[in-house]
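Take a look at the structure below.
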There are 2 protein chains.
Amino acid sequence: MGVKSGEGEEPGRRVGATLRRATLREVAAEVGVSVATVSNAYNRPDQLSEELRERIFKTAGRLGYAGPDPLGRSLRRRRAGAVGILYSDRLSYAFTDPAAVMFLQGVSLAAEEAGLGMLLLPGGPAEGREAAAVSEAVVDGFITYCIDHGDPLVGSLVGRGLPVVFVDNPPEPGGAPTVGVDDRGGARAAAEHLLNLGHRRLGVVSFELGAGPVGGLIGEERLRRATHANTLARLAGYREQVEAAGVPWSAVPVFECRENTPEWGRRAAEELLRLRPRPSAVLALSDQLAFGVYEAAREAGLSVPEDLSVVGYDDVPEAARTSPPLTTVGQPHTEKGLLAGRMLVARLEGREARTTERHKTFRTRLVVRSSTAPAPEGS
Amino acid sequence: MGVKSGEGEEPGRRVGATLRRATLREVAAEVGVSVATVSNAYNRPDQLSEELRERIFKTAGRLGYAGPDPLGRSLRRRRAGAVGILYSDRLSYAFTDPAAVMFLQGVSLAAEEAGLGMLLLPGGPAEGREAAAVSEAVVDGFITYCIDHGDPLVGSLVGRGLPVVFVDNPPEPGGAPTVGVDDRGGARAAAEHLLNLGHRRLGVVSFELGAGPVGGLIGEERLRRATHANTLARLAGYREQVEAAGVPWSAVPVFECRENTPEWGRRAAEELLRLRPRPSAVLALSDQLAFGVYEAAREAGLSVPEDLSVVGYDDVPEAARTSPPLTTVGQPHTEKGLLAGRMLVARLEGREARTTERHKTFRTRLVVRSSTAPAPEGS
DNA sequence: CTGAAAGCGCTTACAG
DNA sequence: CTGAAAGCGCTTACAG
C-alpha cells in the first residue's frame, strides 16, 4: 500500500504523533478536499486521480495519519473483523492444555483463511467479569469451547444476537451450530480395552466435576452434581463399559483433580496406588493427567505397563513420544477448530447450511501403544 | 447484571432478533425517555430511579436489546478493550510451538488481570494481508513476538500510534519498551557444556534463517543473509564458544529447518548423522527440534547420550519428561509474556516508567539433564 | 472525478 | 432525576 508510516521523515510528524492521531477530517482540511475523497483514497483508489491520491497520502504522512481508524470504520461498516473465542475456564488455562491449544490452532487456520483476527476473551469464574467481556467484545461472532450446560454465559452470548458455534458437548441452544466429539464412545473404548486385557481393578483420574470444593477421591453424591459436560460424558462412557463387564461402578475409585496438569495426575495416582487392593489399571481423562500417573508409578517403583496399565485421552503429540508411548483416545482437535471456524465464517458471509452441515460429531479412536498390557496374575 | 438475555420469554422478542438488533435509540423511544437515560441505565445506575431503570430493562428485554453495542461504545470511549498480538509467522504456527504458547499464556495472565481481551492477528508472509490486519485491528496497543529486524510490519505498527511492546530480540524502534532474553548467552552455555564434555564434532539444527529457499545444510553465504533475530543470536552464541575452543566454525555443519517441529528436527539429524566423521553432539535451536533428533538417533541405532549428545533450547515441560530427559537452555517464557502484558497495560493506564522498567532482558540458564555425556573415545 | 449529507451506536459534560 | 446536543471517526449512496 502507499500508506506512509515511516518515522520522522517530516519534521511536523513528531508533534502530531505525540499529541493525538490525526483524523480523516484533518487530512481532508489540510489537502483541501472533502472527507469522502480522503476516504476514497484509502478504500477506492479508482474513485480519484492518481495525482490527488498521492497528494493525500503525502499530507497524511506529514500529519502522522496512518490510515482510517479501525473503530470508526468498523462501526460504519458493521463488522469487527474478528471472531471471539470463549473458553470454559480462565483463559490462561487454555494455554496449559495441549488439546485446547490444538483446537485454537484449528480456529486460527480458519481465521487466517478469512483474514479475521481471533479475540480470546478473558473468561473463567471471575463472577460477572466474563459476562462483561462477552457483552463488550468487538467481534462478528463467537466460538465457544467446552462451555457447561446451563452456564449463564450462554445467555449473554445469545443475547448479543451474533452468530455462535458451540464446540464440545454443547448445550445446543436454539439450534445453533455445534461441533463435538463422541466422548462417551471414546471413553467406552478405553475402558473396554482395559477390561479385555483382564483388568478388573480400575482407577479413574478425573477433571474437575463442577463448582464447589474439589480434589480427592469422590463419592456418588459429588458425581451426581457434576456439570462439566466433557467430564460427564467420559465418566458415563467408562461406567457403561465397566458395568457391562459386570464390575460395579461403585468399586471404581474416582479421583477429582482441580487442574488438568501432570502435577495433579501425579497426586491422583499417588492416592489411587495407595488403595488396597491396588488398581492394576488407570483411566485418565486426559494425556496430561496420564503423564502425571507415569510419574507416580515411577516413584512407587511400579513399571508401566507391567505393573500398571495407563490409558490417556486426547492423543496429544507428546503421547507418542513419551516413554512408554501412551495408549490413549484420539480425537481431531485441530479439525474441530478448523470446522467450527469455517462454520462461523460461512454464517458471517451469509452462505450457511449449503456448504456446511450445522451439527458435526467427530469420531474418536483408541490408539493402542505401549502403556497397556494384560492384567498381572491374581489381580 | 439486570440485563435480560433469556430466550423467548416475550413473544415479541423473536421477531426483533431475527431482523436486526434493537438500538439504544429504539429502546429509548419505546420507553419514552431520552437515549442518555437508557445509556445511564446501563452505565450509571445511580443516575436514575430504580423503578425507571427496571422499566428500561424490561422494555429492552422485550425488544431483544442486550445492552450497549460494544462498537459504538468503544468508538465513543476511545478504547477497544483488547491488546493485539503480532507473531512473526503465520498465526497457526504459534500454536505448534510450545514456547510461543507459554508466552501467550503469560500475556493472557496480564490480560485477565486488566480485564482485556487478546486479539491474535492473522500474520505471516501473506503479502500485505498482515499489514491490513495491523492497520485494521481494533485494539488499544500491541505486543509483538519474534518480529525480525527490518520487518515492514514494524512500520505499520508504529504508524498506528498505539503503545507497543516488542518481545524477543526486538528492533527497538524509537525507544519502545522491549522484553527479551539473553539468547546469545544461552547458546554459549549450551555449546560450552558440550565442549567441556570433550565434544569437538558438533552439528547444529537451526530454524529458518530468513526468507528464500530453505531447508538443508547451509553455507556461509546463507548464514550471512540471515534476518531472523532469535536464530541469529543463538547461532552467534554457538559460534563464539566453538571458536573460543579452537574449533573453526566452518567445520560445524548447520542444517536449516523450514518449520520448528520434531519432524524437521528428525530430517535434519538424519542428514547430520550421515556425515563422516559423524557429529558426536547436536545443538538444536529448540526442544521441538531436539525431540526430532532423538527420533533420528533411535532410527539410526544410536543411543542418547552414549553415542550422541543432544542439547535443546527452551526447556518446555516435555523436555523434563522425555526419555532421556533433555539437557536444554531454559528461559522464562511465561514471565516474558506476563511482563510484556503488564508493561503494555501500564502504558495504557497512563502509569508508565514508574512501576516498570522500559527494557528487560531475562537471563537464560542451562538445565543439564541426561541427554548429554562425555564424547565417545576417539571422536 | 469530487463533495454534501446522512448515519453507524453510543457516551458525556452540561443545563435544567 | 432527566434530556438536548455534540461528537467519537468513519463510509456510502447519491447528486453533480
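Chain identifiers are assigned alphabetically (A, B, ...) following the order of the sequence lines, protein sequences preceding nucleic acid strands; residue numbering begins at 1 within each chain.
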Using both pair distances under 3.5 Å as the test, note the stems of at least 3 consecutive Watson-Crick or G-U pairs that include DNA chain D. C:1-3 with D:14-16, C:5-12 with D:5-12, C:14-16 with D:1-3
Side-chain contact, heavy-atom cut-off 4.5 Å: Y93(A) with Q105(B)? no
Given P163(A), which partner from the list V139(A), L344(A), V345(A) fulfils the side-chain contact (heavy atoms from CB on, under 4.5 Å) test? L344(A)
Does the ring center of F103(A) lie less than 6.0 Å from the ring center of Y145(A)? yes
Atom CZ of R160(B) and atom C1' of dG9(D): how far apart are they, to the nearest Å? 12 Å
Check: D151(A) side chain, I147(A) main-chain N or O, donor-acceptor pair, under 3.5 Å: no
It should be established whether S34(B) places a side-chain nitrogen or oxygen under 4.0 Å from OP1 or OP2 of nucleotide dT2(D). no
Not counting sequence neighbours, which residues clear salt bridge (Lys or Arg N to Asp or Glu O under 4.0 Å) with R79(A)? List them please. none
Taking for each residue the nucleotide of DNA chain D bearing the nearest heavy atom, is the 5' side occupied by G32(B) or by L75(A)? G32(B)
R25(B): partners by salt bridge (Lys or Arg N to Asp or Glu O under 4.0 Å), with sequence neighbours left out: none
State which residues pass salt bridge (Lys or Arg N to Asp or Glu O under 4.0 Å) with R78(A); sequence neighbours excluded, sorted by chain then number. D69(B)
Starting at the 5' end of nucleotides 10-16 of chain D, put B wherever the base has a protein heavy atom under 4.0 Å, S where only the sugar-phosphate does, and a dash everywhere else. BBB----
From CZ of R53(B) over to C1' of dT2(D), roughly how many Å is that when rounded to an integer? 16 Å
Sorted by chain and number, sequence neighbours left out, salt bridge (Lys or Arg N to Asp or Glu O under 4.0 Å) with E349(B) holds for R351(B)
